[in-house]
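Hydrogens, waters and symmetry mates play no part in the numbers below; they use all other heavy atoms, side chains included. Because the structure is a prediction, the values reported are computed rather than measured.
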Amino acid sequence: MSAIPGKQVHRELVALLGPVLEKEGFRRIRPGSTAAWSKPVGEQFLLVWVQLSRSGDPFGWYGTSLTVEFELSEAAVPGTGRPRERLTRLLSHKEREEIRRNQNAFIGRLPSAPTVALTQVPVSLRSKYLAHGDQHNEPYADNEDVWLRYADARDLQSWFPLLQKMVPAAIREAVIRFGVDLQL
């Protein structure tokens with residue numbers, strides 16, 4: 001597995017989600033390499049942006065993750081608004097099950113944990129580290145914060161069809177939860 005630089009992940013997600021979000025009336029927030037879009041709603045902005053995890057595996061075994069954030073803000077600046085929700089909390093049970101299946105497929109492709117990691121991870125943290133290789137057998141809860149895991153380009157691309165389908169559905173749910181009137 002070869003790690004994908006964050007800038008490349010954002011570029012790929014801009015190319016993937018840009019057309020989907022433009023259909024929903026969003027415009028890309030520039031400058032910057034972040035995959036982020038905004039849509040004016042009265043005097044506020046509805047924002048959709050991709051957040052990459054800052055805590056990937058230092059040994060390269062279990063990869064890293066991303067999530068898609070949705071927020072209502074007074075400025076078109078990611079991370080400044082309230083209310084705010086993440087993708088899986090805005091999805092239906094059926095959609096979360098699709099996420100869980102894809103996540104478990106990723107986990108199923110992981111090799112065994114590297115020996116070097118097991119010798120360097122403190123014994124007190126070893127079971128938590130190894131748990132990254134455990135599949136999730138129960139459905140995700142409505143309020144569970146699930147990050148989409150990936151380690152290489154193949155893993156990342158496995159999320160693309162789901163994101164293209166689910167981001168518009170999540171926007172519709174965010175609008176309802178945030179009490180936004182898109183007819184303004």
Worksheet item: Which is it for E173 and L91 under the side-chain contact (heavy atoms from CB on, under 4.5 Å) test, yes or no, and what are the steps along the way?
Response: CA-CA 8 Å; E173 181 62 24; L91 299 176; over 6 Å; no
Practice prompt. In sequence, state the C-alpha distance, the side-chain angles, and the governing distance for Q44 and V180, and then conclude on side-chain contact (heavy atoms from CB on, under 4.5 Å).
Written response: CA-CA 10 Å; Q44 295 183 305; V180 174; over 6 Å; no
Worksheet item: Could you go step by step and tell me if R100 and E97 meet the salt bridge (charged side-chain N to carboxylate O under 4.0 Å, His left out) rule?
Response: CA-CA 5 Å; R100 186 170 70 91; E97 280 298 290; 2.7 Å; yes
Fill in: Evaluation steps, side-chain contact (heavy atoms from CB on, under 4.5 Å), between L21 and V167
CA-CA 8 Å; L21 289 163; V167 165; 3.9 Å; yes
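The shortest distance between side-chain heavy atoms of E24 and R172 falls below 4.5 Å. Contact annotation: the side chain of V20 never approaches that of F26 to less than 4.5 Å [non-hydrogen atoms, C-beta and beyond]. A heavy-atom distance below 4.5 Å is found between the side chains of I99 and M166. Contact check for L148 versus L162: no side-chain heavy atoms found under the 4.5 Å cut-off. The shortest side-chain heavy-atom distance between E98 and K165 falls under the 4.5 Å cut-off. At a threshold of 4.5 Å between non-hydrogen side-chain atoms, the residues V121 and L130 do not count as touching. By the 4.5 Å heavy-atom criterion applied to side chains, L13 and L163 are counted as neighbours. Looking at heavy atoms from C-beta onward, L110 lies in side-chain contact with R149 at the 4.5 angstrom threshold.
Tracing side-chain contacts under 4.5 Å through hydrophobic residues (I, L, V, M, F, W, Y), one never reaches V77 starting from F178; they form parts of separate clusters. Hydrophobic clustering places W61 together with L125 (ILVMFWY residues linked when any side-chain heavy atoms are closer than 4.5 Å, directly or through intermediates). Linking Ile, Leu, Val, Met, Phe, Trp and Tyr residues whenever their side-chain heavy atoms come within less than 4.5 Å leaves W147 and V50 in two separate clusters. Tracing side-chain contacts under 4.5 Å through hydrophobic residues (I, L, V, M, F, W, Y), one reaches V14 starting from Y150; they form part of the same cluster. Hydrophobic clustering, with ILVMFWY side chains joined whenever heavy atoms are under 4.5 angstrom apart, groups Y62 together with V116.
Of the possible donor and acceptor atoms, one in the side chain of Q135 sits under 3.5 Å from a partner among the backbone N and O of N104. One N or O on the side chain of D155 and one on the backbone of D152 form a donor-acceptor pair closer than 3.5 Å. With hydrogens and angles ignored, the 3.5 Å screen pairs a side-chain donor or acceptor of R126 with a backbone N or O of L118. A donor-acceptor pair is defined here as one N or O able to donate and one able to accept, closer than 3.5 Å; such a pair exists between the side chain of E95 and the backbone of S92. Formation of a donor-acceptor pair under 3.5 Å by the E71 side chain with backbone atoms of G81 is found in this model. When atom types are taken as modelled, the side chain of T80 and the backbone of S73 share no donor-acceptor pair closer than 3.5 angstrom.
Enclosure of atom CZ in R154 is not indicated, since only 12 or fewer non-hydrogen atoms of other residues, nucleotides or ligands lie within 6.0 angstrom.
Between R96 and E144, no side-chain nitrogen of the basic residue sits less than 4.0 Å from a carboxylate oxygen of the acidic one, so the salt-bridge criterion is not met. The pair E69-R84 meets the salt-bridge criterion, since a charged nitrogen lies less than 4.0 angstrom from a carboxylate oxygen.
V146 pairs with exactly one of R89, Q103, H136 by the side-chain contact (heavy atoms from CB on, under 4.5 Å) rule, that one being Q103.
Between F59 and Y129, the ring planes are perpendicular. Angles over 60° get that label, and only those under 30° would be called parallel.
Between W159 and F106, the distance from one ring center to the other does not fall under 6.0 angstrom.
Taking each heavy atom of H93 and P139 in turn, the nearest pair found is CE1-CB, 3.7 Å. Residues A36 and W49 share a closest heavy-atom pair of CB-CB, 3.6 Å. Closest non-hydrogen pair, V48 versus F70, comes out as CG2-CD2, 3.7 Å. When all heavy atoms of L47 and P78 are compared, the pair lying nearest together is CD2-N, 4.4 Å. Taking every heavy atom of both residues into account, N102 and S158 meet most closely at ND2-OG, 3.1 Å. Listed here is the closest heavy atom pair of L90 and A170: CD1-O, 3.7 Å.
Expressed to the nearest 0.5 Å, how far CZ of R30 lies from OG of S38 amounts to 11.5 Å.
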